[in-house]
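The block underneath contains the structure these notes are about, expressed in structure tokens.
Below, chains carry the letters A, B, ... as their sequence lines are ordered, and counting in each starts from 1.
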Number of protein chains: 2
Amino acid sequence: MQPYALTVDKFLDHAAKWAGDREVVTGEAGRAARRIGYAALRARSNRASGALAALGLRFGDRVGTLAWNTQHHLEIYYAAMGAGLVCHTLNPRLTAAHLAAMINEAENRALAVASNLMPLLAQVAPQCPTLKHVILLDGDGPASEALEGSGARLWSYEALLSVHGSAFAWGGFDEESPAGLCYTSGTSGSPKGVLYTHRSNYLHTLRSLQAEAFALTRGDVLLVAVPMFHANGWGLPFAAPAVGAKLVLPGRHLDGASLAKLMRDEEVTVAAGVQTVWLGVAEHLEATGEDLPALKRVIIGGSSCPDAQLRRLEQRLGVCVQRTWGMTELSPLGTVAAPDAPADRKGASGRPLLGLDLKLTDAAGATLPRQRGVVGRLKVKGPSVVDRYFKAEAEALDPEGYFDTGDLARIDEAGNLTICGRAKDLIKSGGEWINPSEIADIVGRDPTVGQVAVIARADPKWGERPVLVVEARAGESIDERALLDGLRGKVADWWLPDEVVRIDTMPLAATGKIDKARLETDYAEGRLGGAVGREEGVGAR
Amino acid sequence: MQPYALTVDKFLDHAAKWAGDREVVTGEAGRAARRIGYAALRARSNRASGALAALGLRFGDRVGTLAWNTQHHLEIYYAAMGAGLVCHTLNPRLTAAHLAAMINEAENRALAVASNLMPLLAQVAPQCPTLKHVILLDGDGPASEALEGSGARLWSYEALLSVHGSAFAWGGFDEESPAGLCYTSGTSGSPKGVLYTHRSNYLHTLRSLQAEAFALTRGDVLLVAVPMFHANGWGLPFAAPAVGAKLVLPGRHLDGASLAKLMRDEEVTVAAGVQTVWLGVAEHLEATGEDLPALKRVIIGGSSCPDAQLRRLEQRLGVCVQRTWGMTELSPLGTVAAPDAPADRKGASGRPLLGLDLKLTDAAGATLPRQRGVVGRLKVKGPSVVDRYFKAEAEALDPEGYFDTGDLARIDEAGNLTICGRAKDLIKSGGEWINPSEIADIVGRDPTVGQVAVIARADPKWGERPVLVVEARAGESIDERALLDGLRGKVADWWLPDEVVRIDTMPLAATGKIDKARLETDYAEGRLGGAVGREEGVGAR
């Protein structure tokens, strides 16, 4: 059969040829600030490849991005990957020191930045000796100038395209070539780089497009509210052009009002993002009485979403909500609940699709004799799963070639996966394990509770003890005693948290996950107030 | 990222692990004669690999099949491919001489045969010196005996499994390894072998599973009425286990009554086959007043289906009909109309999905400057498209790497493909081209017409002239004059057929396509009767 390298430039080529007029729309605070057809976007992106080559970048060089979900960011994605460069997406919510460490480890030679992130980049660039070119994606300014305090030159993207843009022959290299680089979020452990290949991204895209997964078609209008800087934006910047779906990129503003306006104006049919984003949209709709008649499905991921919250979301948005589970190391899609999954989901994130295999092991790595209905350590295998971290010497795989997710999980008889928490989040109390996710899941069903986390506090007698941290839903007030009473009989008595801490705003990491590491530090350093349990001794121990 | 060879054994592995209880049902004259879960089928098929190895077959050896759509045939598919052997599907409707020529070119060392095809095989085997083992899939008999008149040994499949079956480690070879061999139908030219690879089949499967194509899910019940011996059964024996869909294989009997009963009993949701099969089902339903409440979609292909006939089918079956276009050389899916394609299709077979690119050229092979809205010669490119025929020395590709389909086609502004006929079917009359497909398409809309073909007859003055051949719909009688009148004004006067020939039963090739070569031979040799036009001089010339 014909040779055909599985490279990601083919996604945009396909869209340009077969859906050339379908649009990529960029939002700005809910307004459609910019729109372009795939054919024109492909032409610009391809010329940007020529410009990157003119700056001296060569096959395999890393190009950083520090940007929101915008057309320009998408153009740099394909400009870099199509030319055989590596698109290294950086998270603007990290500190300058973290960013500099990643840029230096990746030896980025160029970096594309959103103008409103220039103040951050100005702190970062002086610490990054390999950085020779900074491309200002959306700002005015001279064609190029020296970037103060660093060895890099600052380019205006449009001027760079005018001066150095030229047609570039995309692809033509091996499909195992690196395409993207993304660091893990670091909410559990220090960030590690995952180097995606063209092949891994291509196969991930085909997997995600199945009717039981994202099921996108050319008729769809897809809102990507998950950041493009995080884990390939769940692969959606590939999946949308691969089918020629209209793509809506919301820019920086992910508040409920902005998203709702953009979704209504652009007639979004499928939307993807973390649950906190959809809670914001749902609350906005509830407050204003507006609706989103075109919306059919919402895809959530990034953190667990209790059944009760999922049902509330479905009711408020009036659509099907698909729960997913994934990781940066998985490109990132692991499992996804089918659009027609039954309503009684029991926390499940769906079944694995062809191309991702799962197994459960014990803590020592031995495959559990029973794989269904028991909790085990989740390991995964597939063509879009990491085998070793960027610049790591050792493989991250077990002897059977599986990657250890670090998650605890249960698989039901029908094959549906439920993540039961992080193995390393387990709280060891009196020599026994407490699973904070099980506690949080039960508390999360209480209608007064918005966000919930269960953290560990050091305890001189028991080693560790659980602490419940809750944020109330808007307009609700929380009865701590009732929350603890609600746990009795559902978890062992000695699992009952020693304290309940109310906070106004749950700290979230850049990806929307609750930042448990920060909660634990804040708690340890006395910065979390409102403890109710300790005074009253409601804890079982 | 992790190494992971794209080999087809992974489809059945996936089904066995994640949909082990979903069934593969084999029909026999409409009755479910046999059913098995994917886990048990995988175990049998894997043991059959061990048996083939025990018979001395080695990586790359060809295993023929001469069988209907049955569980046993499916087991041999995976037994051969999983073990690195090549599954060479043979068409039982070919002559013994044709079959022997294919078996000899392919140097088949073993062949699996349905018991009711043994009389045919008994004629074939003595002509095939490479054939050492014949496996009787579903018959009784001794474990093994000499096959009379040939050098081969005849095995009973179940006995072979008992005696030589053993677990076999599937896969582990390069994904570019050959997996299957199928000869083109030969309705237009002599049969040529197409050698599929594991990679081409794997990527074809992922392409076909997209929401805009076959869109299969685990909840579906798929009836495969297209023969498994023809072009991978449209890839469905791969696609169904790849998602864990229940699979219904109808055996030999494809009449309307048998299929309708099987579909109703097994609650088939998606069904695939040529249009003549669905006409039979529709007529049965009409005659009996039965319905198929579970059926959602019917996928048709193999020959063009005029809009009027498609609408009739949709009305009678009460479902969406998806028109497809494909070829043996394309694995075989080319384009497919989306399930939600608009009703006014104008003959289109849908858009190409990622992984198949199209271009239109002139007769000399030059790319047409306009690719939309004009008729050109269709060429295709992709990882599941042939690059050279089996044992051919020359590549079958143009300098840009495209395969010439031999079809004439038009692509509309939205990218929908309409096949306008075979380039070699064009009738050259007075130095100008007549397209028989356009004429047939118009005539096919007449409610009295069941099947229609336009063939060429040699003409001393004009070179060739068109002849219309029609079969009436059941219970209808055809007015030839009215048919010709219906063409006036819609085609050029000199395109009007010189004659109209009524026949009782249109000759069909094994794949359900009208056998035009046979019609033309029969006509030339005076075996087609009922000519009306010639006597009356209705032709324009």
Side-chain angles (χ1 to χ4, degrees), chain A residues 1-6 10-11 13-15 17-20 176 194-197 199-203 205-207 209-220 241-244 331 338-340 351-355 357-358 371 381-387 397 401-403 413-415, chain B residues 1-6 10-11 13-15 17-21 176 194-197 199-203 205-207 209-220 241-244 331 338-340 351-355 357-358 371 381-387 397 401-403 414-415:
Chain A
M1 308 303 277
Q2 294 184 6
Y4 177 101
L6 307 177
K10 292 189 165 75
F11 301 146
D13 283 352
H14 180 83
K17 184 159 179 182
W18 297 104
E176 305 270 11
V194 178
L195 192 65
Y196 304 115
T197 66
R199 176 180 164 103
S200 70
N201 282 338
Y202 194 106
L203 292 173
T205 302
L206 287 180
R207 184 159 56 94
L209 286 174
Q210 287 190 28
E212 260 185 307
F214 296 162
L216 295 177
T217 70
R218 188 180 196 267
D220 277 318
V243 297
S331 300
D340 61 354
R351 282 184 292 259
L353 297 162
L354 179 77
D357 198 20
L358 313 179
Q371 290 282 306
K381 193 175 194 172
S384 304
V385 179
V386 72
D387 65 346
L397 308 182
Y402 282 75
F403 167 75
E413 290 301 327
Chain B
M1 308 304 276
Q2 293 184 7
Y4 178 101
L6 306 178
K10 292 190 166 73
F11 301 148
D13 283 351
H14 179 82
K17 183 158 179 181
W18 298 103
D21 293 336
E176 305 271 12
V194 178
L195 192 64
Y196 305 113
T197 66
R199 177 180 164 103
S200 69
N201 282 338
Y202 194 106
L203 293 173
T205 302
L206 287 181
R207 184 159 57 93
L209 286 175
Q210 287 188 31
E212 259 184 309
F214 295 161
L216 295 177
T217 69
R218 189 180 195 266
D220 278 318
V243 297
S331 300
D340 61 353
R351 283 186 291 259
L353 297 162
L354 178 77
D357 199 21
L358 313 179
Q371 290 283 306
K381 193 176 196 171
S384 305
V385 179
V386 73
D387 65 345
L397 307 182
Y402 282 76
F403 167 75

Pair A:Glu413-B:Asp21, side-chain contact (heavy atoms from CB on, under 4.5 Å): steps then yes or no: CA-CA 10 Å; A:Glu413 290 301 327; B:Asp21 293 336; over 6 Å; no
Chi angles and distances behind the side-chain contact (heavy atoms from CB on, under 4.5 Å) call for B:Glu212, A:Asp220: CA-CA 11 Å; B:Glu212 259 184 309; A:Asp220 277 318; over 6 Å; no
Test log, rule side-chain contact (heavy atoms from CB on, under 4.5 Å), inputs A:Leu206 and B:Arg207: CA-CA 7 Å; A:Leu206 287 180; B:Arg207 184 159 57 93; 5.7 Å; no
Audit row: A:Arg218, B:Arg351, side-chain contact (heavy atoms from CB on, under 4.5 Å) steps and yes/no: CA-CA 10 Å; A:Arg218 188 180 196 267; B:Arg351 283 186 291 259; 3.0 Å; yes
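With sequence neighbours excluded, the residues forming a ring pair (Phe, Tyr, Trp, His ring centres under 6.0 Å) with A:Phe11 are A:Tyr202, A:Phe238, listed by chain and number.
The two residues A:Gln2 and B:Gly382 have their closest heavy-atom pair at OE1-N, 3.0 Å. Pairing each heavy atom of B:Met1 with each of A:Ser331, the nearest pair is CE-OG, 3.3 Å. Between B:Ala211 and A:Thr217 the shortest heavy-atom distance is CB-CG2, 3.9 Å.
Taking chain A as the reference chain and counting heavy-atom pairs below 4.5 Å, the highest number among B:Val386, B:Leu397, B:Val385 is found for B:Val385. Listed options A:Gln371, A:Lys381, A:Arg199 were ranked by heavy-atom pairs under 4.5 angstrom with chain B; first place goes to A:Arg199. Contacts with chain A were tallied for B:His14, B:Glu176, B:Lys10; B:His14 has the most, counting heavy-atom pairs under 4.5 Å. Ranking B:Asp340, B:Asp13, B:Leu203, B:Leu216 against chain A, the residue ahead of the rest is B:Leu203, based on heavy-atom pairs under 4.5 Å.
Residue contact with chain B, scored on non-hydrogen atoms closer than 4.5 Å, involves the backbone and the side chain of A:Leu358 alike. Contact of A:Pro352 with chain B is made through backbone and side chain together, with heavy-atom distances under 4.5 Å. Within the 4.5 angstrom heavy-atom criterion, only side-chain atoms of A:Val194, from C-beta onward, approach chain B. Both the backbone and the side chain of A:Leu6 come within contact range of chain B, each with at least one heavy atom under 4.5 Å from a heavy atom of that chain. For a residue to count as touching a neighbouring chain, one of its non-hydrogen atoms must lie under 4.5 Å from one of that chain's; by this rule A:Leu209 touches chain B with backbone and side chain alike.
B:Phe214 contributes atom CZ, which lies 13.5 Å from atom CD of A:Gln210 (distance to the nearest 0.5 angstrom).
For the pair A:Asp357 and B:Trp18, the minimum side-chain heavy-atom distance is below 4.5 Å.
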